[in-house]
Q: 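After the structure tokens below, expect a handful of questions from me.
Counting starts at 1 for both ligands and their atoms, following the listed order. Residues take their numbers from the sequence shown, with the count starting at 1.
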Amino acid sequence: MIPFLDLKTPYIELKQEIDEAISGIVNSGWFIGGPEVDQFEGEYAIYCGANHAVGVANGLDALHLALRAMDVGPGDEVIVPSNTYIATWLAVSQCGAIPVPVEPDARTYNIDPTRIEAAITPRTKVLLPVHLYGQPADMDPILAIARKHGLKVLEDGAQAHGARYKGQRLGAHGDIVAWSFYPGKNLGAMGDGGAITTNDAQLADRVRVLRNYGSRVKYVNEVQGYNSRLDPLQAAILRVKLAHLDEWNTRRRAIAARYQRGLTNCGLTLPYVPDWAEPAWHLFVVQHPERDALLKHLAEVGIGALIHYPIPPHLQQAYANAGYESGQFPLAEQMANRCLSLPMGPHLVEKSLDEVITHVAAFSL
Ligand SMILES: *Cc1c(COP(=O)(O)O)cnc(C)c1O
């Protein structure tokens, strides 16, 4: 069996450091907030090249609180990719605002900047690009459109820890970036976790207040906030893992290069990487006209492949009342029907990788 993602070996590799981090918290008696959360925030901000990082409970909350901090509310519109994990849309809906989908670039799978302006209305408040599959979205044109129309930019970085755009790490290209530390992400906790990074001191302060019941001083509540704090146990674990993130992303890059070499001319559409992009290779996504048969074949030979994502948000029952129809976002729908994510992760061994390549190549030819 070759699992899609091995979540046990990372712990074995770092066992001593992680065990010490956990027992440090258990023995400290600090179970909400405290020095480990502060230190992780400081280290993650530096890693991302941002002035501020604020830990929250998960990636969805990071997106939601970032939007709240930018005063997004009922009647507002937020431009989102038509192809993304539904969390991107849900964060907008949680504010009472409307997610307005824009189709991706057919090669990079990230939001197509040339299609954004047509979707802007007087109600548009924020552009919300996603760095999908760990590949940076094309930020320069997105930022130029935002400046021209007086819009804010929130980036969904949940899949892209450590990725670079034109040489600069993601973390402060837009006004604010939302991160998830869900265990399967490139920087993953041993439970839920999330953060925002930003260079804007006021936005950082707003998220800090919102995550803690709208309170800065205990029992004094400035706004109707939320309970969305980063668990110090997770912060301590994330500090250990952050020190290994670059090395683990390097391993992902080597695996991606090997897939690219081993799977050329096999009838698959392989990931396209613009020369300004340094992806974090969260996922290695291919397209195949007979995707379902390929998935079934891989399952039969014990290879865990997955679909990211089988149903685009506009066709989910959760958005049935928005009145979308099948065929309305053909690129998102094509991705849902044809894409397949091959096993990927820093602990995928060479022998398994070769086996995946052999089976995928044999099926496709
Ligand atoms: C994982 C993910 C999220 C949500 O993160 P959680 O921590 O699971 O809430 C949001 N957006 C994208 C693109 C993701 O992949």
Side-chain angles (χ1 to χ4, degrees), residues 4-5 7 40 44 53-68 78-95 99 101-102 104 108-111 126-137 139 142 153-163 170-171 174 176-197 207 210-211 226-231 233-235 237-238 241 249 252 279-285 306-314 316 318-319 332 335-336 339 341 344-345:
F4 176 73
L5 174 66
L7 284 175
F40 172 69
Y44 195 59
V54 182
V56 295
N58 56 63
L60 174 59
D61 282 3
L63 289 161
H64 174 220
L65 297 193
L67 291 166
R68 293 272 178 192
V78 175
I79 291 184
V80 296
S82 57
N83 62 322
T84 179
Y85 181 53
I86 196 168
T88 317
W89 287 42
L90 290 176
V92 177
S93 303
Q94 283 182 0
C95 296
V102 165
T108 65
Y109 311 144
N110 273 323
I111 195 165
V126 174
L127 305 182
L128 205 179
V130 178
H131 304 297
L132 196 67
Y133 307 149
Q135 165 125 255
M139 291 309 296
I142 293 170
V153 177
L154 162 62
E155 301 164 64
D156 182 340
Q159 303 188 353
H161 318 76
L170 298 178
I176 187 163
V177 187
W179 304 95
S180 163
F181 305 124
Y182 178 83
K185 310 292 191 189
N186 287 38
L187 179 59
M190 296 174 97
D192 277 309
I196 62 92
T197 54
V207 173
L210 284 170
R211 75 172 171 182
Y226 305 87
N227 176 351
S228 180
R229 299 173 292 218
L230 177 62
D231 181 345
L233 211 47
Q234 301 306 335
I237 292 163
L238 287 165
K241 288 190 156 187
N249 277 350
R252 287 175 183 270
W281 294 109
H282 175 58
L283 297 172
F284 191 90
V285 177
L306 292 174
I307 300 169
H308 297 94
Y309 296 90
I311 306 171
H314 72 280
Q316 294 281 3
Y319 281 98
M335 285 303 293
C339 77
S341 308
M344 168 55 85

Q: Check ligand 1 for close polar pairs with the protein: N or O on both sides, less than 3.5 Å.
A:
residue  : atom   : partner : partner atom : Å
ligand 1 : 5 (O)  : Ser180  : OG           : 3.2
ligand 1 : 7 (O)  : Gly59   : N            : 2.8
ligand 1 : 7 (O)  : Ser180  : OG           : 2.6
ligand 1 : 9 (O)  : Gly59   : N            : 3.2
ligand 1 : 9 (O)  : Leu60   : N            : 2.9
ligand 1 : 11 (N) : Asp156  : OD1          : 3.4
ligand 1 : 11 (N) : Asp156  : OD2          : 2.8
ligand 1 : 15 (O) : Gln159  : NE2          : 2.8
ligand 1 : 15 (O) : Lys185  : NZ           : 2.7

Q: Kindly compute the distance separating CG (Asp156) from NE2 (His131), expressed to the nearest 0.5 Å.
A: 8.0 Å
Q: Taking only residues two or more places apart in sequence, or in another chain, which ones meet Tyr182 in a ring-ring contact (aromatic ring centres under 6.0 Å, His included)?
A: none
Q: Which class fits the ring pair Tyr85 and Tyr309: parallel under 30°, tilted 30 to 60°, perpendicular over 60°?
A: tilted
Q: Under the rule for side-chain contact (heavy atoms from CB on, under 4.5 Å), what residues qualify as partners of Pro313, not counting sequence neighbours?
A: Thr84, Ile86, Trp89
Q: Ser341: what forms a side-chain hydrogen bond (donor to acceptor under 3.5 Å, both in side chains) with it, not counting sequence neighbours?
A: His308
Q: Do His64 and Tyr226 come within less than 4.5 Å of each other through their side chains, counting heavy atoms only?
A: yes
